[in-house]
Amino acid sequence: MKLRALPIIITVVASIAVLFGGFFTYRQLTLYKPLMNMVTAYPGVNSAQISINQKEVDLKLDLKSNADLGSIMEQFNKQSVPIVGTRKVKLEIEDHSDQQLNNIWENAMFPVSQAMANRQYTDIPKTMQRIAGNYSGISAKAQMDDRNVYVSISNGKASKFLILPLSAGATGGNA
């Protein structure tokens, strides 16, 4: 029996195309699209980028200045469990801050770091409100879940969102 090269090559190429095409379609329909639809439906989200691998979900959000980051993350953590499963979620927020907001955060960073180090988390919202009260037109908010403290500072035009992990680590991280 003589094997012909062209039919074998065509069969291999078609099999690979069906296999990887099916895998790509499965990932699009069961992971990317539901997550993207879920995240972009949250109030305050301008746009989102999602990258998924076996161990991690990278979520990059572009938020409006009045977005409620704590509520967005609370909804995401509840609704994404069936899709994300045991993957770790890595969140990054697009920075739309200005010099005034950066200065406010610089003034708040030490008291917030101290409150986190001493596990006195109720001091964080008070600190943010006190420091924001020194400036006109500034709103500041701090919320917490079981993983992070979410700090939002806004002046109506610009906004600064920070995610401070509750686990040991630096608290100056800008997200």
Side-chain angles (χ1 to χ4, degrees), residues 8-98 101-102 105-106 108-109 112-113 115-117 119 121 124-125 128 140-154 158-175:
I8 291 173
I9 292 172
I10 291 173
T11 302
V12 168
V13 169
S15 297
I16 290 172
V18 168
L19 180 65
F20 287 111
F23 178 71
F24 177 77
T25 301
Y26 169 79
R27 285 180 58 97
Q28 282 296 112
L29 296 177
T30 61
L31 296 175
Y32 290 103
K33 191 170 183 171
L35 274 178
M36 186 63 79
N37 290 342
M38 179 190 338
V39 171
T40 55
Y42 296 148
V45 175
N46 283 328
S47 64
Q49 292 178 344
I50 298 173
S51 174
I52 302 173
N53 62 38
Q54 293 293 347
K55 296 180 182 178
E56 190 173 76
V57 174
D58 290 332
L59 179 60
K60 296 179 182 177
L61 296 178
D62 182 14
L63 300 177
K64 297 177 184 172
S65 64
N66 63 347
D68 187 353
L69 181 59
S71 296
I72 290 171
M73 290 312 300
E74 180 182 352
Q75 290 175 2
F76 180 80
N77 290 333
K78 286 180 184 175
Q79 297 174 346
S80 68
V81 171
I83 301 167
V84 173
T86 60
R87 292 176 180 95
K88 180 183 174 194
V89 176
K90 181 180 164 192
L91 179 63
E92 185 178 327
I93 308 295
E94 185 78 26
D95 187 24
H96 295 291
S97 63
D98 60 13
L101 298 180
N102 290 333
W105 175 242
E106 285 177 17
M109 190 183 314
V112 169
S113 297
M116 289 186 69
R119 297 180 184 253
Y121 302 114
I124 297 171
M128 294 308 301
K141 189 176 193 179
Q143 296 168 288
M144 181 177 147
D145 63 16
D146 60 339
R147 295 180 209 135
N148 299 306
V149 173
Y150 305 99
V151 176
S152 307
I153 309 168
S154 176
S159 57
K160 185 170 193 71
F161 296 99
L162 298 121
I163 302 163
L164 310 173
L166 290 178
S167 62
T171 58
N174 185 359

**Report entry** Check against side-chain contact (heavy atoms from CB on, under 4.5 Å), Leu19 and Ile16
**Finding:** CA-CA 5 Å; Leu19 180 65; Ile16 290 172; 5.7 Å; no
- [ ] Would you sort out whether Asp58 and Glu92 count as a side-chain contact (heavy atoms from CB on, under 4.5 Å), showing the intermediate values?
- [x] CA-CA 8 Å; Asp58 290 332; Glu92 185 178 327; over 6 Å; no
message = Could you go through Tyr150 and Asp145, starting from their C-alpha distance and side-chain angles, then the distance that decides it, and tell me whether this counts as side chain to side chain donor-acceptor pair (under 3.5 Å)?
response = CA-CA 8 Å; Tyr150 305 99; Asp145 63 16; 2.7 Å; yes
### Task
Go through Leu59 and Leu35 one step at a time and tell me if the side-chain contact (heavy atoms from CB on, under 4.5 Å) criterion holds.
CA-CA 10 Å; Leu59 179 60; Leu35 274 178; over 6 Å; no
- Query: Which is it for Asp146 and Leu166 under the side-chain contact (heavy atoms from CB on, under 4.5 Å) test, yes or no, and what are the steps along the way?
  - Reply: CA-CA 8 Å; Asp146 60 339; Leu166 290 178; 5.7 Å; no
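For the atom pair CG of Leu91 and CD1 of Ile163, the computed distance is 3.5 Å after rounding to the nearest 0.5 Å. Between Met38 atom CE and Ile83 atom CD1 the span is 3.5 Å, to the nearest 0.5 Å. Within the model, atoms CG of Asp68 and CG of Leu63 stand 10.0 Å from one another, a figure rounded to the nearest 0.5 Å. Between Met128 atom CE and Leu162 atom CG the span is 8.0 Å, to the nearest 0.5 Å. To the nearest 0.5 angstrom, Lys60 atom NZ is 7.5 Å from Ser51 atom OG. Note that the CD1 atom of Ile72 and the CG atom of Leu61 stand 7.0 Å from one another [nearest 0.5 Å].
With sequence neighbours left out, Gln49 forms a side chain to side chain donor-acceptor pair (under 3.5 Å) with no residue at all. Residues satisfying the salt bridge (charged side-chain N to carboxylate O under 4.0 Å, His left out) test with Glu74, not counting sequence neighbours, are Lys78.
Val81 and Asn77 make their closest contact through CG2-O, 3.2 Å (heavy atoms, listed as atom of the first residue, atom of the second, distance). Listed here is the closest heavy atom pair of Ile52 and Tyr32: O-OH, 3.5 Å. Shown here for Ala158 and His96, the closest heavy-atom pair between the two residues is CB-O, 3.2 Å. Residues Ser154 and Ser65 share a closest heavy-atom pair of OG-O, 3.4 Å. Pairing each heavy atom of Arg87 with each of Asn53, the nearest pair is NE-O, 2.8 Å. What you find for Tyr42 and Gln75 is that their closest heavy atoms are CD2-OE1, 2.8 Å.
Pro125 is not listed as a side-chain neighbour of Met144, based on a closest heavy-atom distance of 4.5 Å or more.
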